[in-house]
S.K.: 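Below is a structure I'd like to ask you about.
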Amino acid sequence: MSIIAKSVTKRFGKQKALDDVSFEIQSGEVVGFLGPNGAGKSTMMKIITGFLPQTSGQVLVNQWDVIEKSVEVRRVIGYLPENTPLYPEMYVREYLKFVAGMYRMGKRTDIRIREMIGMTGLEPEQHKKIGALSKGYRQRVGLAQALIHDPEVLVLDEPTSGLDPNQIIEIRNLISEAGREKTVMLSTHIMQEVEAICDRVIIINKGKIVADDQKEKIHSILAENVQTIQVEFREAPDQQALERLHGVNRVAFVREHIWLVQSNADLDIRKDIFDFAVRNNLTVLSMQKQEKKLEELFQELTRN
């Protein structure tokens, strides 16, 4: 099961929301789809799930064209929109039974409803009307309806929005588990979420893909140009002398005892820093490489 986007463009009047977007997601991948507000994330997800037609290009799910085979595609996709459309006058169990009925689940319905209620933590609120639920519990109902038919493809737009910290961890684990067998695409503004559960990252900005690679490779891109060493000295070093070490580009004081030493990425200057400390009767309490975070790459690639 896969998602394939081929040169997808979407226009709203004169505005181009997506501009020649292409990517492929395979079964067993959990892919984070990132971008600032208005970048085109939700538009792309609506096109994949058949809720919005593209202006040009093609999207295939399981080799089915999402326009020509809309019904077949919807059967294998679980979709959680950014603002989940729910029926506030329906009870939680009633609504999930309604959704299960649309997928013609038959005898599996009651068992699957119980599983979804347990999996998404809806037990305390299962007998309430959806309109009486908090935002977090409404989000859980939306996630339960996306998963109830055990879809082969999951498209999740901000899946942990409104959840408490414990529930966020549970839902992340659920998504990670699903990603072993399913194709999962999720958008999020929470970088820790991407770090925790995604195998691959696609970053979109102003309707164009600006990065698409495995999470580990993106981290290596971050480290290509510079390396930063955090050093904890017991005594304050001579900053100018430290800056004169071979390969050192910059030295910055962070707080008491903590210094950052920046060098070219191809140089390991930790031994030089240690030797510098010995020569100057300084005690090194700790020394470690600092890795840039995915958030920094996101900021660099989407900066106006």
Side-chain angles (χ1 to χ4, degrees), residues 33 41-53 61 66-67 69-179 181-190 193 197:
F33 195 50
K41 304 186 302 296
S42 294
T43 299
M44 188 72 241
M45 289 182 157
K46 289 175 182 176
I47 290 172
I48 291 170
T49 52
F51 283 83
L52 191 68
V61 174
V66 297
I67 294 178
K69 298 290 184 179
S70 176
V71 174
E72 289 86 346
V73 168
R74 289 167 193 252
R75 284 186 184 134
V76 300
I77 282 185
Y79 177 40
L80 177 67
E82 183 178 9
N83 298 304
T84 310
L86 302 170
Y87 294 101
E89 71 280 5
M90 295 182 77
Y91 292 92
V92 172
R93 294 185 67 90
E94 179 188 16
Y95 173 70
L96 293 179
K97 189 171 184 178
F98 166 70
V99 174
M102 288 194 294
Y103 288 108
R104 300 178 182 177
M105 296 179 64
K107 295 179 180 180
R108 293 191 300 139
T109 297
D110 290 340
I111 294 174
R112 193 62 179 162
I113 288 174
R114 285 198 298 272
E115 289 176 348
M116 288 300 97
I117 286 175
M119 195 178 291
T120 56
L122 281 165
E123 294 99 332
E125 309 292 319
Q126 60 181 303
H127 299 298
K128 288 185 178 181
K129 286 188 174 182
I130 292 172
L133 301 179
S134 66
K135 179 183 177 183
Y137 275 107
R138 289 197 299 271
Q139 187 73 0
R140 299 180 199 193
V141 174
L143 190 58
Q145 66 81 27
L147 290 165
I148 196 165
H149 58 299
D150 195 20
E152 297 174 67
V153 176
L154 277 175
V155 178
L156 309 173
D157 202 347
E158 301 287 343
T160 59
S161 174
L163 301 183
D164 61 60
N166 290 332
Q167 190 65 23
I168 286 174
I169 293 172
E170 293 172 10
I171 297 304
R172 286 179 185 172
N173 291 338
L174 177 63
I175 295 170
S176 296
E177 188 68 25
E181 300 176 352
K182 304 179 188 299
T183 305
V184 181
M185 180 181 189
L186 68 94
S187 75
T188 180
H189 288 95
I190 305 172
E193 203 154 90
I197 64 177

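Note that the structure is predicted; figures quoted are calculated from it, not measured. Numbering starts at 1 and runs along the sequence shown.
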S.K.: Can you see which heavy atom on Pro159 is nearest to which on Leu80, and at what distance?
M.R.: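 What the structure gives for the nearest pair is CA-CD2, 3.5 Å.
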S.K.: Are Ile197 and Val184 close enough that some pair of their side-chain heavy atoms sits under 4.5 Å apart?
M.R.: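 Counting from C-beta outward, Ile197 and Val184 never come under 4.5 Å.
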S.K.: Please check if atom OH in Tyr103 has more than 12 non-hydrogen atoms from other residues, nucleotides or ligands closer than 6.0 Å.
M.R.: yes
S.K.: Salt bridge or not between Glu115 and Arg112? Use side-chain N to carboxylate O under 4.0 Å.
M.R.: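 Yes, this pair counts.
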S.K.: Quick one: CD on Glu170 to CD1 on Ile168, what's the gap to the nearest 0.5 Å?
M.R.: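 Glu170 CD to Ile168 CD1: 10.5 Å, rounded to 0.5 Å.
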S.K.: Nearest 0.5 Å, what's the CD1-CD distance between Ile171 and Gln139?
M.R.: 9.0 Å
S.K.: Shortest non-hydrogen contact from Val66 to Val61?
M.R.: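 For Val66 versus Val61, the nearest heavy atoms are CG1-CG2, 3.8 Å.
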S.K.: Can you tell me how far the CG atom of Leu143 sits from the CG atom of Leu122, to the nearest 0.5 Å?
M.R.: 9.0 Å
S.K.: Quick check: closest heavy atoms across Pro81 and Pro85, and the distance to 0.1 Å?
M.R.: CG-CD, 3.7 Å
S.K.: Side chain of Gln145, backbone of Leu86: donor and acceptor closer than 3.5 Å?
M.R.: no
S.K.: Testing the basics here: between Met90 and Tyr95, what is the closest heavy-atom pair and its distance to 0.1 Å?
M.R.: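 Closest approach of Met90 to Tyr95: CE-CA, 3.8 Å.
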S.K.: Determine the minimum heavy-atom distance between Gly78 and Pro151, stating which atoms define it.
M.R.: N-CB, 3.4 Å
S.K.: Drop me the distance from Thr120's OG1 to Leu147's CG, to the nearest 0.5 angstrom.
M.R.: 8.0 Å
S.K.: I want to check something: taking the side chain as every heavy atom from C-beta on, are Ile48 and Val153 in contact at a cut-off of under 4.5 Å?
M.R.: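 A side-chain contact is absent here, since even the closest heavy-atom pair is not under 4.5 Å.
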S.K.: Take Leu133 and Arg140 through the side-chain contact (heavy atoms from CB on, under 4.5 Å) test and state the conclusion after the steps.
M.R.: CA-CA 10 Å; Leu133 301 179; Arg140 299 180 199 193; over 6 Å; no
S.K.: Do you know the tightest heavy-atom contact between Glu123 and Gly118?
M.R.: OE2-CA, 3.2 Å
S.K.: Identify whether NZ of Lys or CZ of Arg in Arg74 sits under 6.0 Å from the centre of the six-membered ring of Tyr79 and within 45° of that ring's axis.
M.R.: no
S.K.: Does the side chain of Glu158 reach to within under 4.5 Å of the side chain of Thr188, using non-hydrogen atoms?
M.R.: yes
S.K.: For the CG atom of Leu52 and the CD1 atom of Ile67, what is their distance to the nearest 0.5 Å?
M.R.: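 Reported value, rounded in 0.5 Å steps: 9.5 Å.
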S.K.: Does Lys97 reach the main-chain N or O of Thr109 with its side chain, forming a donor-acceptor pair under 3.5 Å?
M.R.: no
S.K.: For Gln126, does its backbone N or O pair with a side-chain atom of Arg93 as donor and acceptor, under 3.5 Å?
M.R.: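 Here the side-chain-to-backbone pair does not exist.
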S.K.: Evaluate the criterion side-chain contact (heavy atoms from CB on, under 4.5 Å) for residue pair Leu174 and Glu177; output intermediate values, then yes/no.
M.R.: CA-CA 5 Å; Leu174 177 63; Glu177 188 68 25; 5.5 Å; no
S.K.: Are any non-hydrogen side-chain atoms of Arg172 and Ile175 less than 4.5 angstrom apart?
M.R.: no
S.K.: In this structure, are over 12 heavy atoms from other groups packed under 6.0 Å from Glu94 atom CD?
M.R.: yes
S.K.: If I take atom CG from residue Asp157 and atom CE from residue Met185, how far apart are they, to the nearest 0.5 angstrom?
M.R.: 9.5 Å
